[in-house]
Amino acid sequence: MAGEFLATLGDASQLRQLMKGSYIKGRGEARVALVGRSNVGKSTLLNALLGARLARISNEPGKTRQIHFYFWKDISKIVADLPGYGYAKAGHEERERWSVFVNQYIKADEALERAVVLLDSRHGPSDLDVNAIRFLAAESVPLFFVFTKTDQLKTQSERAKRKKEAEARLLELGYDSSLCLWVSAKDRTGIDALTRELKSGTVAQVIMKEVL
Ligand SMILES: Nc1nc2c(ncn2[C@@H]2O[C@H](COP(=O)(O)OP(=O)(O)O)[C@@H](O)[C@H]2O)c(=O)[nH]1
Ligand SMILES: [Mg+2]
């Protein structure tokens with residue numbers, strides 16, 4: 001097994017007991033947060049990366065209200081599985097709750113290295129995704145972008161078109177295509193490349209920010 005469940009944070013009031021300094025449950029490895037809209041394929045990707053059926057794959061969007069922590073043995077880091085945002089029925093209050101909760105976690109976690117934002121390769125970044133990206137950027141969290149379900153883009157020209165559009169949108173937000181990977185958990189495209197990227201740390205983004 002390449003991964004193991006560590007802990008669940010159900011509420012920000014539990015932060016003090018879960019985190020001591022930069023330790024989560026006594027473990028000090030760097031944290032990588034996964035975040036994305038409900039149904040984007042986050043649980044499926046997590047299971048593909050960690051090589052185990054750890055996260056529940058659900059067709060009921062919006063069920064997650066907790067942060068789950070997993071130890072990813074292959075790269076010796078801890079994955080924080082953040083709650084999904086922006087499912088159909090979520091109103092203003094729900095979105096507010098999401099940002100308050102995620103904000104409290106981000107501020108508390110001294111060893112958070114970066115957040116991986118999952119985006120649906122068929123649609124590119126939606127307005128809700130852009131809101132979440134802006135929110136994380138405002139909290140100074142280094143970001144990396146993963147486009148999911150690329151097996152659903154059937155032709156070469158469709159792939160090229162989607163890629164061009166989505167990467168242009170991210171560039172408008174200040175993120176260059178070297179911070180993007182296109183993956184499929186179904187046919188395992190990009191899974192090894194993503195593993196290598198997350199193992200390597202945040203160097204690419206630091207350089208890019210200095211250049212801009
Ligand atoms: N075709 C395809 N479907 C996927 C892929 N990843 C996830 N899915 C499907 O997308 C739906 C939502 O996946 P899930 O991992 O539960 O999304 P989450 O809500 O973001 O955790 C499920 O029906 C998955 O089987 C993928 O790489 N390719
Ligand atoms: Mg899920």
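In listed order, ligands and their atoms are each counted from 1.
A salt bridge does not link Glu110 to Arg31: none of the charged nitrogens lies less than 4.0 Å from a carboxylate oxygen. Salt-bridge annotation for Asp81 and Lys42: present, with a side-chain N of the basic residue lying under 4.0 Å from a carboxylate O of the acidic one. By the 4.0 Å N-to-carboxylate-O rule, Arg65 lies close enough to Glu94 to be salt-bridged with it. Salt-bridge check for Lys161 with Glu165: passed, with a basic side-chain N closer than 4.0 Å to an acidic carboxylate O.
Short contacts between ligand 1 and Ser184, defined as distances under 4.0 Å to a heavy atom of the residue, involve ligand atoms 27 (O). Of all atoms in ligand 1, listed by their number and element, those nearer than 4.0 Å to a heavy atom of Gly41 are 7 (C), 13 (O), 14 (P), 15 (O), 17 (O), 18 (P), 20 (O). Distances below 4.0 Å separate heavy atoms of Lys42 from the following atoms of ligand 1: 15 (O), 17 (O), 18 (P), 20 (O), 21 (O). For ligand 1, the atoms lying closer than 4.0 Å to a non-hydrogen atom of Gln152 are 1 (N).
A distance of 11.5 Å separates CD of Gln14 from CD of Gln104, quoted to the nearest 0.5 Å.
The closest approach between a heavy atom of Gly36 and any atom of ligand 1 is not below 4.0 Å. Ligand 1 lies nowhere less than 4.0 angstrom from a heavy atom belonging to Thr148.
By the 3.5 Å distance cut-off applied to N or O atoms, Thr44 is counted among the residues near ligand 1.
Using cut-offs of 30° and 60° for the angle between ring planes, the Trp182 and Phe147 rings count as parallel.
Comparing heavy-atom distances from atom 28 (N) of ligand 1 across Val40, Asp151, Leu153 singles out Asp151 as nearest. The closest non-hydrogen atom to atom 12 (C) of ligand 1, taken over Val35, Thr150, Asn39, Ile191, comes from Asn39.
With ring centers used as reference points, Tyr105 lies under 6.0 Å from Phe69.
The Mg ion (ligand 2) has an N, O or S atom of Ser43 inside 2.8 Å of it.
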